[in-house]
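First up is the structure itself, then whatever we jot down about it.
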Amino acid sequence: MSTSCVYPLGVEEGFRHASLAGFDGVEVMVTRDEVTQSPDTLLALSEKYGMPILSIHAPVLLLTHFVWGRDPQIKLEKSAELAKSVGATAVVVHPPFRWQAGYAENFLRIVRETTETFGVEIAVENMFPWKVKNTSVKAYSPGWDPVVMDCDAVTLDFSHAALSGRDSLEMAEALGSRLRHVHLCDGSASLDEGRIFDEHLLPGYGSQPVREVLQFLHSSGWSGNIVAEVNTRKAKTEDDRLELLRETAAFGRGEEWPNADAADGTKHTQKKRSQKKAARAASKLQVDSGVKNHGTKAEGDDTSARSEEKREKRRAKAVKKAHKQARRAGQSA
């Protein structure tokens, strides 16, 4: 379980929740919290809660911009050094932003050299394209999709696959032995379908073929790590959060989860809410894309033009708001 699953709670709460929810180990998301950067403290937490540290997530989010300085290569090297110190076998890293020019140009070489130097896998995570006013923006270099990159190890994130409009099963099959790490979660829709947030839903609550991917990996004798990276921020109590995490762990093991009741006996409605949101978004896009058949042709054309202008303004406003919220919350979007 990723320690980010309990955000905004601290890293010790991540270890504690992982233990209580029955996970086999943790992935530590390196943040501004000095505990996430200290091998001695992390090893003490690992021993205290009986949770081995399986992987380290490098500090690549907007919220961690100044962790270990501003040089992304140094950040990656320090992440690998931390992984080796705590016994983790892998480091998850995002592709560079295009404005990180020198790092981006040499990214694949740096990844290989870091792997060789520290003896841990550097698994490049799939991201997603950015859009502003319905126009694609090249945010990552050499790109957001490691399937087409010349890298030896890849992390597959289902929520990012959904946002990019990719089929995660096709990605897993294309990656073959290069797929070494999985972030277990889900997403309901893509940017083209009106989704602007990186959701990290519980697996099975979105549109990605998560179960099929896990079955494919199992049948192929896959030996990488599956790490839950789900959003539990709406959980009102610790029991509610643990219920979400336990359901995620059960899904990852292929176990049936007979009910989705919260600890207080009420139904938790994440799936229903997600379906309703997706339906509303699809309906809205359908209405927006249509032209009302009222009045004369000239009136129809004028209405269409006004609708298009309003639509562009709404999209620009939504993207601007999403980016602002992402910066505040430390999301990769």
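Residues satisfying the side-chain contact (heavy atoms from CB on, under 4.5 Å) test with P59, not counting sequence neighbours, are V30, T64, V67, W68, K75, S79. Partners of F15 by ring-ring contact (aromatic ring centres under 6.0 Å, His included), not counting sequence neighbours: none found. Not a single side-chain contact (heavy atoms from CB on, under 4.5 Å) links S177 to another residue, sequence neighbours left out. Residues passing the side chain to side chain donor-acceptor pair (under 3.5 Å) test with D150 are R112, sequence neighbours excluded. With sequence neighbours excluded, the residues forming a side chain to side chain donor-acceptor pair (under 3.5 Å) with S38 are T41, listed by chain and number. In this structure, the side chain to side chain donor-acceptor pair (under 3.5 Å) partners of R166, at least two apart in sequence or on a different chain, are D145. For A250, the side-chain contact (heavy atoms from CB on, under 4.5 Å) partners are E255, W257, not counting sequence neighbours. For D24, the side-chain contact (heavy atoms from CB on, under 4.5 Å) partners two or more places apart in sequence, or in a different chain, are R253. Partners of K48 under the side chain to side chain donor-acceptor pair (under 3.5 Å) rule, at least two apart in sequence or in another chain, are E12. Residues satisfying the ring-ring contact (aromatic ring centres under 6.0 Å, His included) test with Y49, not counting sequence neighbours, are none.
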Under 3.5 Å, sequence neighbours excluded: what are the donor-acceptor pairs made by side chains of residues 114-123?
{"residue": "T114", "atom": "OG1", "partner": "I110", "partner atom": "O", "Å": "2.7"}
{"residue": "T115", "atom": "OG1", "partner": "V111", "partner atom": "O", "Å": "2.9"}
{"residue": "T117", "atom": "OG1", "partner": "E113", "partner atom": "O", "Å": "2.8"}
{"residue": "E121", "atom": "OE2", "partner": "R180", "partner atom": "NE", "Å": "3.1"}

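Annotation: side chain to side chain donor-acceptor pair (under 3.5 Å) contacts involving residues 208-217, sequence neighbours excluded, comprise S168-Q208.
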